[in-house]
Amino acid sequence: MLEVTNLTRRFGGLVANDAISFRAEAGGILGVIGPNGAGKSTLFELITGFETPDEGDVRLDGRSIRGLGPHRINRLGVARTFQKLKPFAHMTVEENVMVGIMQHDSNLRRARDAALAALDFVGLLDKRRVHAHGLSTGQRKRLELARAMGTRPRLLLLDEVTGGVDQRSIPGLIELIERLRREGMTIILIEHDMQVLMSLADRVVALHLGAKIAEGTPESIRADRAVVESYLGASYA
Ligand code: ADP
Ligand code: MG
């Protein structure tokens, strides 16, 4: 469904993404790992049109989406969550989800129905009238998911959805992502928690200092020497 080729993004002298290539197969869950600063979020910015690559291409269903803006790419069926949550704090939970949907469809009734369906899916229906600033971190992550899902994407990019979340909320988030997969969504997941990764991902791409250093099954990645070294340093490995 998605093919990234030779994707490169520089910020001044820093190469945040260095000739990265991989594919995400339709219906699968692809994990992306790497220590802080490896270039994971930048990769999502490039795929979703929030940043433009210096080199390389992004293809969706075989067609280049490079250089299209975030709204165009979203309309083609690609949605994302943000690592740094930025809900509209003084809007209700329901309004936060509706804002995203109404960028596609200005019909208020349909937008509300879609928002309520998404909130029901993530288990936040009872919070729909609460202001977003009144939510816990775990609930905000669910709001982010509902916001991304509300536009009914085919490809969903999740940036550390379990990060900073109470341990008790994690099984619920895993179950949610499983359900999205069962509904036919293709998912790319940036994830630090190995347990979450092992239970969800079919394949994993590992990044370090902007470059892809390994790709394979979660089991092979967990045992990969370069991956272990990138996290823990050569002496530990
Ligand atoms: P990760 O998500 O893997 O932690 P990022 O993609 O956020 O990593 O960042 C990769 C590198 O690129 C980091 O060194 C970061 O400081 C840098 N970087 C990211 N975005 C920008 C930007 N807009 N301007 C300058 N440097 C950036
Ligand atoms: Mg990041």
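Atoms within a ligand are numbered from 1 in the order they appear, just like the ligands themselves. Computed from a predicted model, the values in this text were never measured in an experiment. Numbers here are sequence positions counted from 1.
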Start with the C-alpha gap between Glu215 and Arg23, add the side-chain angles, then the distance that decides, and say whether salt bridge (Lys or Arg N to Asp or Glu O under 4.0 Å) holds.
CA-CA 11 Å; Glu215 177 173 359; Arg23 289 177 180 198; over 6 Å; no

Run the numbers on Arg10 and Glu55 for salt bridge (Lys or Arg N to Asp or Glu O under 4.0 Å), then give the verdict.
CA-CA 9 Å; Arg10 301 183 194 89; Glu55 285 160 42; 2.6 Å; yes

Would Phe121 end up clustered with Met185 when hydrophobic side chains under 4.5 Å apart are linked, directly or stepwise?
yes

Please report which non-hydrogen protein atom sits nearest to atom 7 (O) of ligand 1, along with the residue it belongs to and the distance in Å to one decimal place.
Ser41 CB, 3.7 Å

Is the shortest N/O to N/O distance between Ala38 and ligand 1 below 3.5 Å?
yes

Provide the tally of protein N/O/S atoms nearer than 2.8 Å to the Mg ion (ligand 2).
2

Tell me which part of Leu14 gets within contact of ligand 1: side chain, backbone, both or neither, using heavy atoms under 4.0 Å.
side chain

Do Leu158 and Phe82 share a hydrophobic cluster (ILVMFWY, side-chain heavy atoms under 4.5 Å, transitive)?
no

How many angstroms lie between atom CD1 of Ile29 and atom CZ of Arg181, to the nearest 0.5 angstrom?
3.5 Å

If you scan the protein for heavy atoms around atom 16 (O) of ligand 1, do you find one that is closer than 4.0 Å?
no

May I have the step-by-step check of salt bridge (Lys or Arg N to Asp or Glu O under 4.0 Å) for Asp57 and Arg59, ending in yes or no?
CA-CA 6 Å; Asp57 201 5; Arg59 289 179 167 271; 3.4 Å; yes

Should one rank Lys40, Glu160, Glu45, His208 by closest heavy-atom distance to atom 1 (P) of ligand 1, which comes out on top?
Lys40

Please work out which of Gly37, Gly34, Gly12 has its closest non-hydrogen atom nearest to atom 4 (O) of ligand 1.
Gly37

If the test is side-chain contact (heavy atoms from CB on, under 4.5 Å), which one of Thr186, Val78, Val58 qualifies with Leu2?
Val58

Are Glu144 and Arg147 close enough for a salt bridge, meaning some N to O gap below 4.0 Å?
yes

Looking only at distances, please establish whether an N/O atom of ligand 1 is found under 3.5 Å from an N/O atom of Gly39.
yes

What atoms of ligand 1 come closer than 4.0 angstrom to any heavy atom of Ala16?
12 (O)

Nearest protein heavy atom with distance in Å, relative to atom 6 (O) of ligand 1:
Thr42 OG1, 2.6 Å

Ring of Phe50, cation from Arg80 - is the NZ or CZ under 6.0 Å from the centre and inside 45° of the axis?
yes

Short N/O distance, under 3.5 Å, between Asn36 and ligand 1?
no

Is the closest N or O pair between Phe11 and ligand 1 shorter than 3.5 Å?
no

Between Arg154 and Asp61, is there a side-chain N and carboxylate O pair less than 4.0 Å apart?
yes

Would you call Arg179-Glu183 a salt bridge at under 4.0 Å N-O?
no

